[in-house]
Amino acid sequence: MTSSFPTDNRPPFNPLRWLTAGIPVMDRYIIGELIPPFIFGVGAFSSIGVAIGVLFDLVRKITEAGLPLTLALEVFLLKLPYFISLSLPMSMLLACLIVYSRLSSDSELIALRSCGVSIYRLVLPAVLLGLMMTGITFLFNEAVVPAANYRASQTLDRALKGNEPAFREKNILYQEFHKETLPSGERESALSRIFYAREFDGKQMKGLTILDFSQNGLNQIVVAATAIWNSTQQTWDFFNGTTYTIAPDGSFQGILRYKQQQLQLPRAPLDLATATTDPIELNIAQIRQYLATTGEGGNEKRNGSFDFGLIRKSRFRLHALYLGW
């Protein structure tokens with residue numbers, strides 16, 4: 001005697017089906033309609049952005065500057081993530097316009113409203129998909145885009161400038177602040193020191209002027225031909241310089257000439273000279289670090305709004321005091 005058992009006709013386990021089982025049919029339908037135009041928009045907007053922002057410039061560099069084709073292709077691919085990140089929000093907007101316009105023209109919105117579905121419930125899938133794309137765009141802009149843009153610029157600089165250092169800078173300015181307690185008990189930021197270098201060639205600073213305000217006004221001025229950062233002793237080595245001491249009443253007090261002298265100054269001016277300031281090459285953490293390096297966030301290593309006449313007037317005053325005017 002044989003016994004028969006009912007055969008299990010259940011379909012095999014599908015993880016994707018399990019994940020989407022809890023999503024209502026209407027939401028799956030609207031999201032499924034949004035994805036194809038969204039992908040089309042990413043491809044279209046990215047292609048237009050790359051063609052206008054990168055391709056024409058690379059073709060000009062290939063023909064005029066002799067940029068190798070392989071490096072041009074590498075730069076092209078490295079620039080692509082930046083334009084993809086720009087296309088994501090525009091593609092989401094395009095997808096919403098296309099899908100909801102089609103639903104309206106086919107009277108599907110009227111049918112859903114007649115079934116008791118509210119307007120807010122109809123736009124909920126698009127809002128949720130938009131929030132998800134917002135998070136993806138943020139992560140993409142933080143983890144991929146800055147690194148790719150930085151590598152693209154470095155590759156292009158090495159190809160066009162050879163061994164010339166890409167971090168050569170002029171008019172490097174660093175302002176150091178400290179916290180000081182007012183008679184009222186409040187604490188505010190006060191200027192301690194201004195570090196100015198005319199040029200940085202990748203190894204040493206040239207044409208330096210340091211104005212010291214650490215003791216109630218300008219009390220010391222340091223002028224040097226060159227200076228390098230001593231990484232072993234964490235100090236600056238100044239060469240062929242002069243230190244001028246200013247009395248509290250503003251009169252000339254003393255002068256000290258030297259061939260070499262070590263000064264306990266922060267490393268921040270070197271970090272400021274070597275750091276990139278292009279925002280598309282920095283993520284949020286790097287921007288915060290750069291602002292912390294520059295002090296109160298208002299210091300610039302280029303001219304900006306700083307009055308470099310202060311440096312020139314200080315140099316003129318030193319010469320006048322030295323000559324006894």
Side-chain angles (χ1 to χ4, degrees), residues 7-55 73-152 278-288:
T7 305
D8 191 359
N9 295 324
R10 289 178 300 178
F13 176 72
N14 187 347
L16 184 61
R17 191 176 191 181
W18 179 77
L19 289 173
T20 58
I23 302 177
V25 176
M26 184 188 70
D27 294 340
R28 292 205 302 269
Y29 173 70
I30 295 178
I31 292 175
E33 292 292 317
L34 287 169
I35 290 177
F38 173 77
I39 296 176
F40 168 78
V42 171
F45 290 128
S46 300
S47 300
I48 295 173
V50 169
I52 297 176
V54 177
L55 191 59
L73 180 60
E74 182 181 355
V75 173
F76 178 83
L77 295 176
L78 289 171
K79 285 289 186 179
L80 194 57
Y82 172 69
F83 292 98
I84 291 177
S85 68
L86 294 180
S87 69
L88 291 177
M90 295 187 292
S91 302
M92 191 65 216
L93 175 61
L94 177 66
C96 291
L97 291 175
I98 291 176
V99 169
Y100 283 97
S101 296
R102 189 193 64 77
L103 292 177
S104 177
S105 62
D106 293 346
S107 300
E108 295 184 43
L109 292 179
I110 297 177
L112 291 170
R113 290 295 306 278
S114 65
C115 295
V117 181
S118 66
I119 292 293
Y120 302 104
R121 186 63 185 80
L122 287 172
V123 301
L124 182 61
V127 171
L128 294 178
L129 185 60
L131 291 175
M132 184 180 70
M133 294 312 304
T134 300
I136 293 175
T137 304
F138 176 79
L139 294 176
F140 195 67
N141 280 324
E142 282 295 292
V144 179
V145 174
N149 283 332
Y150 179 75
R151 184 175 174 184
D278 195 340
I280 66 173
E281 299 177 8
L282 301 173
N283 56 31
I284 293 178
Q286 292 169 334
I287 291 175
R288 289 175 63 90

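On a predicted model such as this, the values are computed, not experimentally measured, just so you know.
When all heavy atoms of F38 and M133 are compared, the pair lying nearest together is CZ-CE, 3.2 Å. In terms of heavy atoms, G32 sits closest to P36 at O-CD, 2.9 Å. Closest non-hydrogen pair, A147 versus A143, comes out as CB-O, 4.4 Å.
Using a 4.5 Å cut-off on side-chain heavy atoms (C-beta onward), V54 and Y82 make no contact. In this structure, L103 and Y29 have side chains that are in contact, with non-hydrogen atoms separated by less than 4.5 Å. Proximity of E33 to I98: side-chain heavy atoms (C-beta onward) are nowhere separated by under 4.5 Å.
Remark: L77 CG to R151 CZ distance equals 10.5 Å, nearest 0.5 Å. Atoms CG and OG, on L34 and S91 in that order, are 12.0 Å from each other to the nearest 0.5 Å. Expressed to the nearest 0.5 Å, how far CE of M92 lies from CE of M132 amounts to 8.0 Å. For the atom pair OG of S118 and CG of L112, the computed distance is 10.5 Å after rounding to the nearest 0.5 Å. Residue I30 holds its CD1 atom at 5.5 Å from CG of L122, rounded to the nearest 0.5 Å.
Residue pairs meeting the side-chain hydrogen bond (donor to acceptor under 3.5 Å, both in side chains) criterion with at least one member in residues 136-145, sequence neighbours excluded: S85-N141.
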- Item | Evaluation steps, side-chain contact (heavy atoms from CB on, under 4.5 Å), between V50 and F76 | CA-CA 8 Å; V50 169; F76 178 83; 2.8 Å; yes

- Task: Give the C-alpha distance, both sets of side-chain angles, the deciding distance and a yes or no for side-chain contact (heavy atoms from CB on, under 4.5 Å) between V25 and R28.
- Result: CA-CA 5 Å; V25 176; R28 292 205 302 269; 3.7 Å; yes

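In this structure R121 satisfies the salt bridge (Lys or Arg N to Asp or Glu O under 4.0 Å) test together with D27, sequence neighbours excluded. Residues satisfying the side chain to side chain donor-acceptor pair (under 3.5 Å) criterion with S46, sequence neighbours excluded, are S87.
Checked by atom type and distance alone, the side chain of S47 pairs as donor or acceptor with a backbone atom of G43 at under 3.5 Å.
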